[in-house]
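Letters A, B, ... are given to chains in the order of the sequence lines, protein chains preceding strands, and every chain is numbered from 1.
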Amino acid sequence: MESTPLSELLAIRRQKLDAIRAAGVDPFGQRFETDGTIAEVRAKFAEGAALRAAGRITAHRDMGKSQFLDLSDSSGSGNLPGRIQIFIHAKEIGDEAFAIFKNLDIGDFIGVEGEGFITRTGEPTIRVKNFTVLAKSLKPMPDKWHGVQDTEIKYRQRYLDLIANPESREVFHKRIAIVREIRRFLEDRGFLEVETPMMQAIAGGAAAEPFKTHHNALGMDLYLRIAPELYLKRLLVGGFPKVFELNRNFRNEGISRRHNPEFTMLEAYWAFADFEKMADLVEELICHLAQTICGGLKIEHKDAEDNVTKTINLERPWKRARYADLIRSVVPDWYELSPQIRRERAEEMGLDVRQCVADFEVTQHLFEKMIEEKTMDPLFVTHCPKELVPLAKQNAEDPSVVDVYELVINGQEISPGYSELNDPIVQRQRLEEQSGGETQKLDGDFLEALEYGMPPAGGIGIGIDRLVMMLTGAESIRDVLFFPHMKPRETA
RNA sequence: GGGUUGGUAGCUCAAUGGUAGAGCAGUGCCCUUUUAAGGCAUUGGUUCUGGGUUCGAGUCCCAGCCAACCCA
């Protein structure tokens with residue numbers, strides 16, 4: 001159903017499509033055997049070698065009888081780009097094929113077979129003997145030099161961003177490598193990857209607004225999980241000593257530079273360990289990722305002009321400091337002040353604490369603004385107030401704090417780690433306090449599981465999106481998600 | 001939710017309230033080793049949408065949509 005006439009550019013591409021069909025060639029081809037991805041073809045490249053490659057035409061340099069084109073895919077890395085030059089000449093492919101070739105455009109997928117040679121300018125090139133049309137592109141590609149600049153197009157039509165912007169491809173290749181390397185790291189240490197429910201009758205394990213859905217056959221509402229924690233702990237009860245889950249969580253809250261409604265979280269639990277052992281594990285893991293994927297422990301973030309805007313130093317050992325000591329480093333007598341005076345002092349420092357109801361929230365706001373946001377290099381904040389963390393063990397000497405760390409890097413909370421609370425009676429009390437009497441939010445099945453005995457354990461979470469931001473220098477979570485959430489738009 | 005900025009050709013961007021332009025892409029011609037190829041010529045516009053002010057609006061005003069950033 002096309003009521004409006006196609007623009008001239010689209011009409012010309014349709015005409016070429018028809019011309020290819022009229023010549024008896026299917027413009028949307030079939031299986032094509034290649035010598036691998038284009039990076040792999042480049043690795044095999046030798047003068048005189050027979051080569052087969054397939055990819056998208058990304059550049060065309062028309063020299064009259066000699067035609068040079070670039071064939072690309074996203075396989076490139078380092079000194080083996082996902083791009084190879086091909087040379088097409090009527091004498092090599094014949095007049096009939098050359099007439100088909102005239103109907104190709106930048107953006108089309110083709111397969112070629114030919115022979116390797118080096119041009120006068122030293123470029124490895126395939127001298128094409130035969131080519132096959134694999135997919136005609138009916139829409140023009142983005143600007144070859146500037147790529148896609150429009151953030152809306154980058155996010156809504158990520159494929160165009162990936163085609164046109166190598167720096168975006170690089171970020172996503174790093175993300176893929178980070179996730180793969182995390183799995184390998186944990187599996188090497190005996191952790192088992194498990195899958196637990198994403199649809200839960202009670203959305204527990206964190207304090208966040210869940211997405212609601214409905215199961216028709218059961219006639220009941222369900223929630224998309226905000227955390228897998230309570231199910232992973234059931235596995236500790238079930239006797240699995242080392243488990244992890246690396247998958248999506250969903251939170252029905254604001255969208256920002258640092259928040260997407262669905263985000264990827266790693267949670268890992270280690271029976272008989274504690275939060276300090278987990279901190280060591282996380283420190284080792286993140287340094288391993290930086291060294292294997294980012295080339296070292298100094299991570300540079302750059303702006304659009306390639307100027308270094310900040311440097312994050314991951315050199316070990318990472319600093320560890322108690323929450324209360326950090327607060328005292330900002331306001332030495334903070335803990336001697338009354339709640340009312342604390343509010344006043346916070347406001348004097350330019351903080352807006354109107355949203356903070358309880359006293360501990362005022363302190364937490366001070367922490368976030370004056371410490372967390374200013375911390376670039378890794379800092380384990382330990383012994384946080386117990387009100388902030390209802391699922392962790394209270395400290396033996398000071399029951400007002402819990403045996404936890406919050407790892408802050410790049411001004412953001414990257415990873416929490418706990419000595420997990422395994423006393424079912426205390427756990428019930430703490431959850432009841434947190435729910436403020438809304439007992440329907442209590443996960444009774446989880447509490448029952450604890451009553452059968454959960455081993456003391458260390459647990460961690462790592463926000464994978466924020467970790468990738470830190471390691472790749474992305475300033476927005478949207479730059480590390482293939483398809484960040486966007487409001488729907490009328491489509492053509 | 002509040003504030004700021006932006007939305008112009010397929011893409012990247014211009015345009016004191018006074019005839020909507022450039023580069024790339026496209027089209028045509030020239031060129032047998034180019035690589036942001038080059039040269040000559042040329043096509044292409046509901047200026048996000050809807051109102052308003054004005055002799056005249058891409059530009060000013062109002063409302064809306066979408067996006068980015070900041071704040072909560």
Side-chain angles (χ1 to χ4, degrees), chain A residues 3-17 19 47 56-72 81 83-93 98 102-108 114-128 137-161 163-166 209 253-260 303-304 346-347 350-357 361 365 368-369 373 411 474-479 484-492:
Chain A
S3 50
T4 51
L6 295 171
S7 83
E8 188 194 6
L9 290 174
L10 302 187
I12 289 167
R13 292 212 172 200
R14 292 293 178 102
Q15 285 162 18
K16 291 177 175 175
L17 178 79
E47 281 190 89
R56 189 190 289 278
I57 299 171
T58 51
H60 180 201
R61 293 175 287 280
D62 179 355
M63 302 287 298
K65 292 203 171 63
S66 289
Q67 304 280 328
F68 291 91
L69 298 94
D70 287 343
L71 226 51
S72 304
R83 182 192 67 78
I84 193 161
Q85 177 166 270
I86 64 173
F87 172 82
I88 288 183
H89 193 288
K91 259 199 276 186
E92 302 280 349
I93 63 171
F98 199 75
K102 297 291 254 180
N103 288 304
L104 295 181
D105 284 300
I106 290 174
D108 294 353
E115 183 185 294
F117 79 106
I118 305 276
T119 64
R120 206 160 58 188
T121 53
E123 179 83 12
T125 304
I126 301 174
R127 187 191 310 276
V128 175
S137 164
L138 298 179
K139 292 232 184 196
M141 288 293 123
D143 189 283
K144 69 175 177 184
W145 186 242
H146 300 94
V148 177
Q149 295 299 319
D150 186 316
T151 51
E152 200 168 343
I153 297 176
K154 276 169 72 91
Y155 299 151
R156 285 192 196 279
Q157 295 175 277
R158 179 67 81 188
Y159 47 92
L160 295 179
D161 179 44
I163 290 166
N165 299 339
E209 188 66 25
E253 300 189 340
I255 295 177
S256 80
R257 209 162 57 80
R258 296 171 177 200
H259 298 86
N260 196 64
D303 63 15
E347 276 165 9
L351 304 180
D352 182 355
V353 291
R354 283 172 299 180
Q355 299 286 326
C356 304
V357 181
E361 291 173 318
H365 193 73
E368 285 171 3
K369 293 290 165 188
E373 286 186 10
E475 297 303 331
S476 170
I477 195 170
R478 297 180 194 98
D479 293 324
H485 186 78
M486 303 286 275
K487 278 198 188 181
R489 188 189 54 168
E490 296 257 334
T491 50

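Without hydrogens or angle criteria, A/T125 side chain to A/E123 main chain gives a donor-acceptor distance under 3.5 Å. No donor-acceptor pair under 3.5 Å is formed between the side chain of A/R127 and the backbone N or O of A/E115. Counting only distance, with no hydrogens or angles, the side chain of A/N165 and the backbone of A/V148 share a donor-acceptor pair below 3.5 Å. Between the side chain of A/R156 and the main chain of A/K487, a donor-acceptor pair closer than 3.5 Å is present. Looking only at distances, a side-chain donor or acceptor of A/R13 sits under 3.5 Å from a matching main-chain atom of A/S137. The backbone N or O of A/E152 sits less than 3.5 Å from a side-chain atom of A/D150, completing a donor-acceptor pair.
The residue A/K16 sits close only to the backbone: its heavy atoms come under 4.0 Å of sugar-phosphate atoms, none of a base. Nucleic acid contact for A/G147: sugar-phosphate only, since backbone atoms but no base atoms lie under 4.0 Å from a heavy atom of the residue.
In this structure, A/Q67 places its CD atom 13 Å from C1' of B/rU33, rounding to the nearest Å. B/rA25 atom C1' lies 15 Å from atom NZ of A/K139, rounded to whole Å. What separates CG of A/L9 from C1' of B/rU42 is a distance of 14 Å, to the nearest Å. Rounded to an integer number of Å, the gap from A/F87 CZ to B/rU32 P is 11 Å. When rounded to the nearest whole Å, the span between CH2 of A/W145 and C1' of B/rC24 equals 12 Å. In this structure, CG of A/D70 is placed 8 Å from P of B/rA37, rounded to the nearest angstrom. In this structure, A/D143 places its CG atom 5 Å from C1' of B/rC11, rounding to the nearest Å. Nucleotide B/rA36 holds its C1' atom 15 Å from the CG atom of A/L69, rounded to whole Å.
Of all non-hydrogen atoms in A/T58 and A/S72, the two that sit nearest each other are OG1-OG, 2.7 Å. Closest of all the heavy-atom pairs between A/S256 and A/I477 is O-CG2, 3.8 Å. Across all non-hydrogen atoms, the minimal contact from A/H485 to A/N260 is N-OD1, 3.1 Å.
Distance from the side chain of A/E123 is smallest to B/rU34 among B/rU34, B/rU33, B/rC11. Checked against B/rU35, B/rU32, B/rC11, the side chain of A/T121 finds its nearest nucleotide in B/rU35. For A/K144, counting side-chain heavy atoms from C-beta on, the closest listed nucleotide (B/rU34, B/rC24, B/rG26) is B/rC24. Distance from the side chain of A/M63 is smallest for B/rA37 among the nucleotides B/rU35, B/rU27, B/rA37. Side-chain proximity of A/I12 to the nucleotides B/rU32, B/rG26, B/rG44 is greatest for B/rG26.
Nucleotides B/rC61 and B/rG17, compared at atom P, are 11 Å apart to the nearest Å. A distance of about 15 Å separates the P atoms of B/rA15 and B/rA9, rounded to the whole Å. A distance of about 35 Å separates the C1' atoms of B/rG26 and B/rG64, rounded to the whole Å. Comparing the same atom, C1', in B/rC70 and in B/rU34 gives a spacing of 48 Å after rounding to whole Å. Taking atom P in both B/rU53 and B/rC13, the straight-line distance is 35 Å, to the nearest Å. The same atom, P, is picked in B/rC30 and in B/rU12; the two are 33 Å apart, to the nearest Å. For the C1' atoms, the distance linking B/rU27 with B/rG10 amounts to 14 Å, nearest Å. When the C1' atom is used for both B/rC60 and B/rC55, the distance is 16 Å, rounded to whole Å.
The side chain to side chain donor-acceptor pair (under 3.5 Å) with A/D70 is formed by just one residue from the set A/H60, A/R61, A/R56; it is A/R61.
In this entry B/rU32 has no Watson-Crick or G-U wobble partner, no candidate having both defining distances under 3.5 Å. Judged by Watson-Crick or G-U wobble contacts below 3.5 Å, the nucleotide B/rG18 has B/rC55 as its partner. Using Watson-Crick or G-U wobble geometry with both donor-acceptor distances under 3.5 Å, B/rU27 finds its partner in B/rA41. Within the shown strands, nothing qualifies as a pairing partner of B/rA9 under the Watson-Crick or G-U definition with both distances less than 3.5 Å. Across all strands shown, the partner of B/rG50 is B/rC62, judged by Watson-Crick or G-U wobble contacts whose two distances both fall under 3.5 Å. With a cut-off of 3.5 Å on both Watson-Crick or G-U wobble distances, the partner of B/rC69 is given as B/rG3.
Under 3.5 Å, the side chain of A/R61 and the base of B/rU34 form at least one donor-acceptor pair of N or O atoms. For B/rU34, the base has a donor-acceptor partner in the side chain of A/T119 [N/O atoms by modelled type, under 3.5 angstrom].
In terms of position along RNA chain B, the nucleotide closest to A/V148 lies nearer the 5' end than the nucleotide closest to the other residue of the pair A/A59 and A/V148. Both A/G122 and A/H89 sit near RNA chain B, but only A/H89 has its closest nucleotide nearer the 5' end.
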* Heavy atoms under 4.0 Å is the rule here; annotate nucleotides 66-72 of chain B 5' to 3' with B where the base is hit, S where only the sugar-phosphate is, and - elsewhere. => SSSSS-S
